[in-house]
Amino acid sequence: MIIALYLSLLISISLNYIFLNYIDNLERINCNCSDTWRSKFIKFYSTYLIVIQTFIIMVDIKTLLSFIRILLPFYLVTQILGIFYLITIYQYSSNMKHSKCKCSNKWERDLMYYYSLILITDYLVIFLINILYLTNILFKLIN
């Protein structure tokens with residue numbers, strides 16, 4: 001269980017580093033079609049996730065759980081921003097892809113696009129399963 005948590009954190013750190021590096025490279029080459037508020041938010045939130053997830057890896061899980069009351073509001077805000085982040089990286093990569101921006105035509109853009117598409121789909125499927133489950137429980141309570 002702990003190994004799966006650390007592995008998922010390492011994968012997330014790696015992906016966010018790739019996204020951050022990709023946008024930095026586009027800025028360095030003055031890619032005008034990439035310069036939007038979305039790129040700034042992606043840089044900010046990717047950096048934030050890299051720092052937070054690195055901290056989680058370095059701190060003992062039991063110590064982290066002992067501060068759960070303090071960390072819960074922080075966790076909730078991070079999750080809400082995370083959903084916004086997924087939508088933002090999807091829109092950003094999709095816009096770059098559909099505008100046929102030549103300076104952004106790199107494998108990182110495609111990774112960002114498909115990664116966000118897969119995660120948004122996962123969120124929607126989980127949401128629908130939860131709705132169906134709750135509907136089933138309500139139906140049983142009524143009958």
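Taking R69 as the reference, nothing meets the side chain to side chain contact (heavy atoms under 4.5 Å, CB included) condition, with sequence neighbours excluded. Looking at residues two or more places apart in sequence or on another chain, you find a side chain to side chain contact (heavy atoms under 4.5 Å, CB included) between C101 and C31, C33, M96, S99, C103, S104. Applying the side chain to side chain contact (heavy atoms under 4.5 Å, CB included) criterion to N105, with sequence neighbours excluded, gives R109. With sequence neighbours left out, N95 forms a side-chain hydrogen bond (donor to acceptor under 3.5 Å, both in side chains) with no residue at all. For K106, there are no side-chain hydrogen bond (donor to acceptor under 3.5 Å, both in side chains) partners two or more places apart in sequence or in a different chain. Evaluation of the ring-ring contact (aromatic ring centres under 6.0 Å, His included) rule for Y48 yields Y45 as partners, not counting sequence neighbours.
A distance-only check finds a donor-acceptor pair linking the side chain of T54 to the backbone of I50 [under 3.5 Å]. Checking side-chain atoms of T47 against main-chain N and O of K43 turns up a donor-acceptor pair under 3.5 Å.
Side-chain contacts under 4.5 Å among hydrophobic residues (ILVMFWY), followed directly or transitively, place L134 with no other residue at all. Through direct or relayed side-chain contacts under 4.5 Å between Ile, Leu, Val, Met, Phe, Trp and Tyr, F127 connects to I131. The hydrophobic cluster around L76 extends to L72, Y75, counting ILVMFWY residues whose side-chain heavy atoms fall within less than 4.5 Å of a member.
Residues F55 and I57 are members of one and the same hydrophobic cluster, defined by side-chain heavy-atom contacts under 4.5 angstrom among Ile, Leu, Val, Met, Phe, Trp and Tyr. Note: the hydrophobic cluster containing I56 also contains V77 (ILVMFWY, side chain heavy atoms under 4.5 Å, direct or indirect links). Linking ILVMFWY residues whenever their side-chain heavy atoms come closer than 4.5 Å, directly or via other members, places I29 and I42 in the same cluster. Under a hydrophobic clustering in which Ile, Leu, Val, Met, Phe, Trp and Tyr are joined whenever their side-chain heavy atoms come within less than 4.5 Å, directly or via other members, L86 and W37 fall into the same cluster. Hydrophobic clustering (ILVMFWY, side-chain heavy atoms < 4.5 Å, transitive): V51 and L71 are in distinct clusters.
Here the NZ-CG distance, from K140 to L138, works out to 11.5 Å after rounding to the nearest 0.5 Å. Distance check: N30 CG to D35 CG gives 9.0 Å after rounding to the nearest 0.5 Å. For the atom pair OG (S39) and OH (Y92), the distance works out to 5.0 Å, reported to the nearest 0.5 Å. For the atom pair CG of L81 and OG1 of T88, the computed distance is 9.5 Å after rounding to the nearest 0.5 Å. Distance check: Y90 OH to I118 CD1 gives 12.5 Å after rounding to the nearest 0.5 Å. Atom CG of residue L124 and atom CD1 of residue I129 lie 11.0 Å apart, to the nearest 0.5 angstrom.
Between I83 and Q79, the closest side-chain pair of non-hydrogen atoms is not below 4.5 Å. At a threshold of 4.5 Å between non-hydrogen side-chain atoms, the residues I52 and F74 count as touching.
Sorted by first and then second residue, the side chain to side chain donor-acceptor pair (under 3.5 Å) pairs involving residues 115-139 (not counting sequence neighbours) form an empty list. For residues 111-143, the set of pairs meeting the disulfide bond (SG atoms under 2.5 Å apart) definition, not counting sequence neighbours, is empty.
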Verdict with supporting geometry, I23 and E108, side-chain contact (heavy atoms from CB on, under 4.5 Å) | CA-CA 9 Å; I23 291 174; E108 295 95 334; over 6 Å; no
Checking F41 against T36 for the side-chain contact (heavy atoms from CB on, under 4.5 Å) test, could you report, in this order, the C-alpha distance in whole Å, the side-chain angles of both residues, the deciding distance, and whether it holds? CA-CA 9 Å; F41 178 74; T36 67; over 6 Å; no
Practice item. Evaluate the criterion side-chain contact (heavy atoms from CB on, under 4.5 Å) for residue pair S93 and Y114; output intermediate values, then yes/no. Key: CA-CA 9 Å; S93 58; Y114 291 114; over 6 Å; no
Atom pairs and distances, side-chain donor-acceptor, residues 8-19, under 3.5 Å, sequence neighbours left out:
from	atom 1	to	atom 2	distance (Å)
S8	OG	A4	O	3.3
S8	OG	L5	O	2.8
S12	OG	N16	ND2	3.3
S12	OG	Q53	OE1	3.0
S12	OG	Q53	NE2	3.0
S14	OG	L10	O	2.8
N16	OD1	Y85	OH	2.5
N16	ND2	S12	O	2.8

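For the pair V59 and Y6, the tightest heavy-atom approach, listed with the atom from each and the gap, is O-OH, 4.3 Å.
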